[in-house]
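Reminder, nothing fancy here: chain letters follow the sequence lines and each chain counts from 1. Just so it is clear, the values below take in all heavy atoms, side chains as well, and ignore hydrogens, waters and symmetry mates.
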Amino acid sequence: MAKIFIYPTTSLILSDMVARFGHEPLGAALGIRERIQTAGFDSPPLQVTPEEPKKGLRWAAVEVPSGVRGRMAILGPLIDHAEAAIIINDADLAFGCMGCARTNELLLFLLRHRGIPVLDLTYPRSEEEGEIFVAAIREFLEKLPKGGKAE
Amino acid sequence: MTDKVRIAQLACGPEYSGVQKEINDAAAAVGAEIFFPDIALSDVKRDLTLFGLDVRSPDLKLAIARAKELVEGRIEADAVFIATCFRCAEAAIVRNELRRYIVEHSTLPVVSYSFTERTTSGTLLTRMEALTTIARRRALLAREVQEGLTLGLDSGSATTKAIVMQDNRIIGKGWLPTIEVLKSAEDAIALALAEAGVSREEIQAVGTTGYGRYLVGQHIHADLIQEELTVNSKGAVFLADHQHGPCTVIDIGGMDNKAITVHDGIPGTFTMGGICAGASGRFLEMTAKRLGVEITELGPLAIKGLSTRVPMNSYCIVFGTQSLVNALAAGSTREDVAAAACHSVAEQVFEQQLQEVDIKEPVIMVGGTSLISGLVHAMGTLLQTEILVPIHSQHIGAVGSALLASGFIREKR
């Protein structure tokens, strides 16, 4: 079983697919373990304190807005632990989305430079594209070792 | 509507910056509650297309859609709070456009704020208090005439001002530097009472404002304890005899600055704060000290000088002072340095704050710094308008408090 970082990190569909194919999804739900209250698109955790933006300095400099650093404090460690990643580009809002575009740009950059297997897909806009989309994810996940670390 | 003032929050990032609790606490402290307008995904897509601002961040898209739902009356609120991360360009564009859109298309009071992880509820308190007052206490703010014998006290960060008013006239004034908050207040009140020739017992109602308003207000049993944004607006239109129609009030204070657009004496949009002390009255105090003149002499000195002859950027009080010292060492005249200091403060307020309110003429400058003629001249040049400085403008908060406090005389009876 490999640890798969999913993007968008809030996508329940993607998280479910990863789990169904025998791997561990790394998404927002993991970073946000405690109470969740819906205030924005990415279901922010209210237990975030001003300490998180400071922890986020590991991934983004002090001149980067506090919201980016706060998000990185939650998602950055997941990238560090990821053994593979699935990135869905231009996803529909209903598929899962994350509130801050600048954070998203940084996350994608870090994922693509981690040196782990990355599946980069565009969100399907038709049924036919949808079938290809699911097949590509299945194929990617099946190739990853289930018993130990991904190579 | 519930008893609490319901403030709709349009935001990106406060929860991840760890400041959502601070926003909630500031609202709760003034009897308000923050809520997030609940809308469907299909509304977001439709509203975004109609609004026409194609932003990348989904939370900003959500903020735009929520603003449209509020303006078009599909969601009810008493006021709007727009908050985005400091230093985010995309968010700054959205923040400004949403504020403008809400002001132009609704009667909802709105305040916008850019936060960092260091933002506290204390920083937000005055803004929230003003927002709730405008939303729910319009009857209080509608008062145009002072009645009876009332006392107003403005416990500011630099000076404490007291005013005694009787039947719509100022009959006593007190103005002292703020040293010990309570003692300075007591002394300023004593001065005002002495000039008015009345005793404390004769005063029928008392109002307090300014940074020390709660401490002093409780100490002297004030009938009205009110933040300075609404109080100064009332004081400004009263003293300038401009109670009806639009105007803009600018107050460059000792610790922060306020820019308020006012209509019929009631604040519309406002900004409060400053990037650095370099844009405050403190910098002008330091300039006067370095030039060896009293603060009252700085204005006339600046009027004689030419600001363009001295490069000065007072975005930071330390660097601003450094520019000042360098200019004097390089042979600049005191007049030019004084003019440059006034221009620098005015320019910073113009660039940092006045861009966030839509200037409506006449522009009224109030507070102690409005007596510095060089600063008023510099602001007038930047805004390309003649600035109005009413008589007693330095007592603006105390006058506004005394005026509003008279609304409590009948209640006491």
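Residues passing the side chain to side chain contact (heavy atoms under 4.5 Å, CB included) test with B:Ala63 are B:Leu10, B:Leu98, sequence neighbours excluded.
Listed here is the closest heavy atom pair of A:Ile74 and B:Tyr16: CD1-CE2, 3.6 Å. In this structure, B:Glu90 and A:Ala101 approach most closely via the heavy-atom pair OE1-CB, 4.3 Å. Residues B:Lys45 and A:Asp92 come closest through the heavy atom pair NZ-OD1, 3.4 Å.
Taking B:Gly13, B:Gly18, B:Pro14 one by one and counting their heavy-atom pairs under 4.5 Å with chain A, the maximum is reached by B:Gly18. Top candidate by heavy-atom pairs under 4.5 Å with chain B, chosen from A:Met72, A:Glu63, A:Glu52, is A:Glu63.
Distance alone, capped at 3.5 Å, places no donor-acceptor pair between the B:Ser57 side chain and the A:Cys100 backbone. B:Ser17 places a side-chain N or O within donor-acceptor distance of the main-chain N or O of A:Gly67, the cut-off being under 3.5 Å.
Crowding of A:Arg20 atom CZ: a count of heavy atoms from other residues, nucleotides or ligands under 6.0 Å not exceeding 12. Shown here is A:Arg125, whose CZ atom has more than 12 heavy atoms of other residues, nucleotides or ligands within 6.0 Å. Annotation for A:Leu12: atom CG does not count as buried by contact number, only 12 or fewer foreign heavy atoms lying within 6.0 Å. Within a 6.0 Å sphere centred on CD of B:Glu104, heavy atoms belonging to other residues, nucleotides or ligands number more than 12.
Neither the backbone nor the side chain of B:Phe35 comes within less than 4.5 Å of any heavy atom of chain A.
Residues A:Arg69 and B:Thr116 have side chains not in contact (no heavy-atom distance under 4.5 Å, counting atoms from C-beta outward).
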Would B:Arg56 and A:Arg102 count as a side chain to side chain contact (heavy atoms under 4.5 Å, CB included) here? Give the steps.
CA-CA 9 Å; B:Arg56 298 280 298 159; A:Arg102 301 293 87 78; 4.2 Å; yes

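Atoms CG and CG, on A:Leu93 and B:Leu62 in that order, are 9.5 Å from each other to the nearest 0.5 Å.
Every pair passing ring-ring contact (aromatic ring centres under 6.0 Å, His included) that includes a residue from residues 112-143 of chain A is listed here, sequence neighbours excluded: A:Phe95-A:Tyr123, A:Phe109-A:His113.
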